Amino acid sequence: MQGLMMDAPLLTSTILDHAERWHGEQKIVSRLHDGSIHSYTYSDAHTRTKKMAAALTALGVEQGDRVGTLAWNNFRHFELYFAISGMGAVTHTINPRLFEEQVTYIINHASNKVLFVDLSFVGLVEKVIGNCPKVEKIIVLCEQNEMPTDSPIADLICYEALIAAQTGDYVWPEFEERTAAALCYTSGTTGNPKGVLYSHRSTVLQTMATVAPDVLNISACDSLLPIVPMYHVNAWCQPFAAALVGAKLVLPGGGMDAASIYELMETEGVTLSAGVPTIWLMLLRYLAENNSKLTTVSRVSVGGSACPLSIIRDFDTKYGVNVIQAWGMTETSPLGTVVAPKPEHAKLDAETRYQVQSTQGRPVFGVDIRIVDDNGTELARDGVMSGHLQVRGYWVCSEYFNVDMDSPLENGWFPTGDIASISTSGFLRITDRAKDLIKSGGEWISSIELENAATSLAGVTEAAVIGVSHPRWDERPLMLIIANDSTLSKHDILAHLQDKFAKWWLPEDVLFVDDIPHTATGKISKLNLRQQYQDHFMQNNNEESTCA
Ligand code: ADP
């Protein structure tokens, strides 16, 4: 027997309609490319978005077409999120920090006929466009008087001129909720990037999950600053989440330096912000150097890579800010697990609580996880056994867009490539990417565990551990440290680690560096480091090994 309830498709346009109808007066604030601030309301955004949807139709965009965007977090990109998906096309967000060949590859692979481009990325488009024969129209996200005058690309179209030409009486089409809404490519450290195609249903469901108390607890009283870019994985669904609940949305544009972020946090009364660990390291350093305080921020969410314990502790002890760690992937839209405390955590002392916060947390309703051995047999959730992490759920990828390969699923689960354990109370701990595990003398060493332990030492800002070829032990761990205390030595680091790990786990060498390279999505670039240091132990194998 069927239930007798109304049935309406879960479409992204319904989120913006709700925002306009019930909290239309709430503000969306953006920092523009010249540093100035633009401010308007959800109601204004709704009107302009409908005009843009009409303009897309006039440009010849049809349902199912992939429309590319190369843009920072700003109000026009926000409008495009809703205009493109709302009219039935697919918002293909392109990560401008990828290599030019990858940008070219994904524009072609996605068959983008139309590209929307921020002024600051016109130069990038000029470099790749000669190899993108399918692109017919390029729209620049700016006012008419800001349009580039010396671009070699003929017929650039002005975004504001498109909006001005429309009346705003557009009516959203209604279609099936499993229709594609957005497309995002993985950064593809090995092989070509692969496209993950989100549906309206998966996006709306994840947005509803994101705002829940045990996830990010986002409400109409929040001022939300997503520093995580709108060009990667829908900025963790935060633009949708803000519109859903009527939170003030603060969009930082290209101003990703610590001073600009801090200023926005203070002037816009930001209560919640989201970013990868390197963003928070940068902000914490800025706050310390300038003796500044955060007067409104109460919590920050972090994901994309393991969050160093030093970030969690510094935010809490120095600024009274709660760090919420989450784990996810492009393929999980990305929400997977979140550190949501249970009643027993209320009694913990601060250091033990930081340990809980440094796990990857518990699955959100809508996502299930498990760990399996090499044969695919599920392993116990005992916090000890570690295995291959698999995931499934309403917003998890079932196959990649337009590739000639079998479904990536294994018995209905998506293999994440992460190695992890799950505690009896359900908390996930990522040990490593499978490819970053270090194999020393036939045994595995977790780079993330060593990094977490190193960053728990005062004076260590960031740590990276990689496996480097070793003449005797196959591979040995090499630790790179960024320190803010110039008196710290290799001896101090090893002394701090030695009671936490077996001797053979200890780094074979510790190097102090000024910089650790990061990928286009803000992760430590271990591939890059492995190449840079590949001969380190071949050249330096005279000292006694920590493994011996
Ligand atoms: P890509 O662009 O490479 O697809 P993703 O953003 O999809 O990048 O990366 C997903 C991977 O990032 C996960 O499989 C995991 O290895 C890592 N990751 C994400 N969040 C966390 C976290 N909180 N702790 C540890 N690793 C994380």
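Each ligand, and each atom within it, is numbered from 1 in the order the structure gives. In this text, all values refer to a predicted model and were calculated from it rather than measured experimentally.
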Output the list of atoms in ligand 1 that are nearer than 4.0 Å to some heavy atom of [X], sorted by atom number.
X: W327; result: 13 (C), 15 (C), 18 (N), 19 (C), 20 (N), 21 (C), 23 (N), 27 (C)
X: Q325; result: 22 (C), 23 (N), 24 (N)
X: T521; result: 2 (O)
X: A326; result: 20 (N), 22 (C), 23 (N)
X: H232; result: 2 (O), 6 (O)

Scan V67, I94, L183, I106 and name whichever one has a side chain to side chain contact (heavy atoms under 4.5 Å, CB included) with N112. I94
Determine, stepwise, if the pair H77 / F116 fulfils ring-ring contact (aromatic ring centres under 6.0 Å, His included). CA-CA 9 Å; H77 206 179; F116 283 85; 9.4 Å; no
Quick check: do [X] and [Y] have side-chain heavy atoms less than 4.5 Å from each other?
X: Y533; Y: L511; result: yes
X: F315; Y: R299; result: no
X: T93; Y: Y81; result: yes

Proximity of F427 and H345 rings by center, below 6.0 Å: yes
Look at [atom] and find which of [options] reaches it with the closest heavy atom.
atom: atom 14 (O) of ligand 1; options: R433, E331, Q360; value: R433
atom: atom 8 (O) of ligand 1; options: M329, K523, K194; value: K523
atom: atom 17 (C) of ligand 1; options: G304, S305, G303; value: G304

Are A520 and ligand 1 in contact, using a heavy-atom cut-off of under 4.0 Å? no
Check whether any heavy atom of G417 sits under 4.0 Å from an atom of ligand 1. no
Which one holds for T330 and ligand 1: side chain close, backbone close, both close, or neither close, with close meaning a heavy atom under 4.0 Å? both
Going by the 4.0 angstrom heavy-atom rule, the piece of C307 near ligand 1 is neither
Close N or O approach (V302, ligand 1; < 3.5 Å): no
Could you tell me whether some N/O pair between T186 and ligand 1 is separated by less than 3.5 angstrom? no
Taking the six-membered ring for Trp, are Y231 and F121 parallel (under 30°), tilted (30 to 60°) or perpendicular (over 60°)? perpendicular
Which word best sums up how the rings of H92 and Y185 line up, parallel for under 30°, tilted for 30 to 60°, or perpendicular for over 60°? tilted
Pair R476 + D509: basic N to acidic O under 4.0 Å: no
